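One structure is given below, encoded as structure tokens.
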Amino acid sequence: MKKLFFIIVIFYCNDSQSQQIVQYSNYLENAFYLNPSVSYLGKNSLNLIYRNQWRGFEGAPKTTFLSYQSYLAHSKDVKSSSFSNFGGFIQNENIGAFRSFKVNFSYSYSFLLSANWRLSFGSFLGFQQLGLDVTDMNLFDSNDPIIDVSNYSLLFPDFSLGLTLSNNNNFFGISVKQVFQNKWIDITTSDMSKNQASVIIMAAKKLEISNITFLPNFILDFTGVFKPKIIAGLQIDYRDLLAGGIAIRNENTVLGQLKVRFAKNLQFCYAHDFSFSNILLKPLNSSEFMI
């Protein structure tokens, strides 16, 4: 019965769209996923994430994510020149009977607009495999025409674009994810179900007082016919060794964040979501681990 709950959630709207873009709680550390133009100046980056959403519910979303970036400087003094970043990510998400697997390759180019400001643009290009497997589920109607068990997997192209403007203390980015709005008609036999493009705006400002850095941040996500998603947060960092953060999402959710740096090139991040549903009596807690 619990698994059936997630089938209802996925296909409840007139346009069946599921959870279109994965919502990572360590969004500052994983900004590259939201915007392919986010790049790391003069260093490589390897990130691994495991997210367990809505713990305690059978069939709840579970996500694994792996990303890598490597830079290529166009002169010896990378801080005063342009540079390129190559990389990509692999993402696997399970929500009840719904499956989503993505492989994206990335390229970004960054150059100086002035002595202080840098402009970057980038793109993701890859594929997404979507699937629906209801063979192990108890359906109200096993002959429901909207669910064709014989066709439960399909491969789509996936493309995203992004642009960022930044200096040492300010960051602004805008991106469009899932530019190709592929229909899922071969999965659900309904031409109303499809991917929706998301426009994501990100902004952050760094304020330093002695050894403590304050980082207020903001995210705005427009996805199809859904109500816009808004996240407003504050992260406090001590000497780039220990950081804590809190954020509020306009979906009855409070996010707590913790970051610990163990070495120059190794850090651990943990985030916990406290989501309060108008339907369920208990909170929908989520945990996320990132290395």
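Because the structure is a prediction, the values reported are computed rather than measured. Quick note: residue numbers are just sequence positions, from 1.
Between the CZ atom of Phe121 and the CD1 atom of Ile174 there is a distance of 15.5 Å, given to the nearest 0.5 Å. The CG atom of Leu242 lies 11.5 Å from the CD atom of Gln267; values are rounded to the nearest 0.5 Å.
Listed here is the closest heavy atom pair of Ser160 and Val179: CA-CG2, 4.3 Å. In terms of heavy atoms, Leu241 sits closest to Asp237 at N-OD1, 3.8 Å. The nearest pair of heavy atoms linking Gly88 to Ser106 is N-OG, 3.4 Å.
Ring planes of Phe32 and Phe124: perpendicular class, angle over 60° (limits at 30 and 60°). Taking the six-membered ring for Trp and thresholds of 30 and 60 degrees, Tyr71 and Phe83 have ring planes more than 60 degrees apart, a perpendicular arrangement. Relative ring orientation between Phe86 and Tyr107 is described as tilted, the plane-to-plane angle lying within the 30° to 60° band.
Checking side-chain atoms of Glu288 against main-chain N and O of Asn26 turns up a donor-acceptor pair under 3.5 Å. Here the side chain of Asn250 pairs a donor or acceptor atom with the backbone of Pro228 at under 3.5 angstrom. A donor-acceptor pair is defined here as one N or O able to donate and one able to accept, closer than 3.5 Å; such a pair exists between the side chain of Ser175 and the backbone of Leu34. In terms of modelled atom types and a separation under 3.5 Å, the side chain of Glu208 and the main chain of Asn169 share no donor-acceptor contact. Judged by distance alone, the side chain of Gln178 and the main-chain N or O of Gln196 form a donor-acceptor pair under 3.5 Å. In this structure a side-chain-to-backbone donor-acceptor pair under 3.5 Å is missing from Arg51 to Val22. Between the side chain of Arg249 and the main chain of Asn252, no donor-acceptor pair closer than 3.5 Å is present. A donor-acceptor distance shorter than 3.5 angstrom exists from the side chain of Asn217 to the backbone of Leu215, with no hydrogens or angles considered.
Looking at Asn44 and Ser70, their side chains do bring a donor and an acceptor atom within 3.5 Å of each other. For the 3.5 Å distance criterion, the side chains of Ser82 and Tyr109 qualify, holding a donor opposite an acceptor.
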Inset, instruction - Tell me, with the steps shown, if Asp158 and Asn104 meet side-chain hydrogen bond (donor to acceptor under 3.5 Å, both in side chains). - result: CA-CA 7 Å; Asp158 193 29; Asn104 272 230; 3.2 Å; yes
Inset, instruction - Show the numbers, then the answer: is there a side-chain hydrogen bond (donor to acceptor under 3.5 Å, both in side chains) between Ser25 and Asp273? - result: CA-CA 7 Å; Ser25 299; Asp273 298 12; 2.5 Å; yes
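Residues Ser100 and Gln128 form a side-chain contact, since some pair of their non-hydrogen atoms from C-beta on lies under 4.5 Å apart. A 4.5 Å side-chain heavy-atom check between Ser45 and Tyr68 finds every atom pair outside the cut-off. Between Ile219 and Ile200, some side-chain heavy-atom pair lies under the 4.5 Å cut-off. The closest side-chain heavy-atom distance from Gln257 to Met290 is not below 4.5 Å. Within the 4.5 Å cutoff, the side chain of Lys229 has no heavy atoms near those of the Phe222 side chain.
Under a cutoff of 6.0 Å and an axis angle of 45°, Lys177 and Tyr33 form a cation-pi pair.
For Ile209, the side-chain contact (heavy atoms from CB on, under 4.5 Å) partners are Phe214, not counting sequence neighbours. Among residues two or more places apart in sequence or in another chain, the salt bridge (charged side-chain N to carboxylate O under 4.0 Å, His left out) test is passed with Arg239 by none.
Around CD1 of Ile248, the count of heavy atoms belonging to other residues, nucleotides or ligands within 6.0 Å does not exceed 12. Enclosure of atom CZ in Phe111 by more than 12 non-hydrogen atoms of other residues, nucleotides or ligands within 6.0 angstrom is indicated.
Linking Ile, Leu, Val, Met, Phe, Trp and Tyr residues whenever their side-chain heavy atoms come within less than 4.5 Å places Leu266 and Tyr50 in a single cluster. Both Tyr24 and Ile21 are members of a single hydrophobic cluster when ILVMFWY side chains are connected at heavy-atom separations under 4.5 Å. A single hydrophobic cluster is seen to contain both Val176 and Phe180, as judged by linkage of ILVMFWY side chains at heavy-atom distances under 4.5 Å, directly or through other members.
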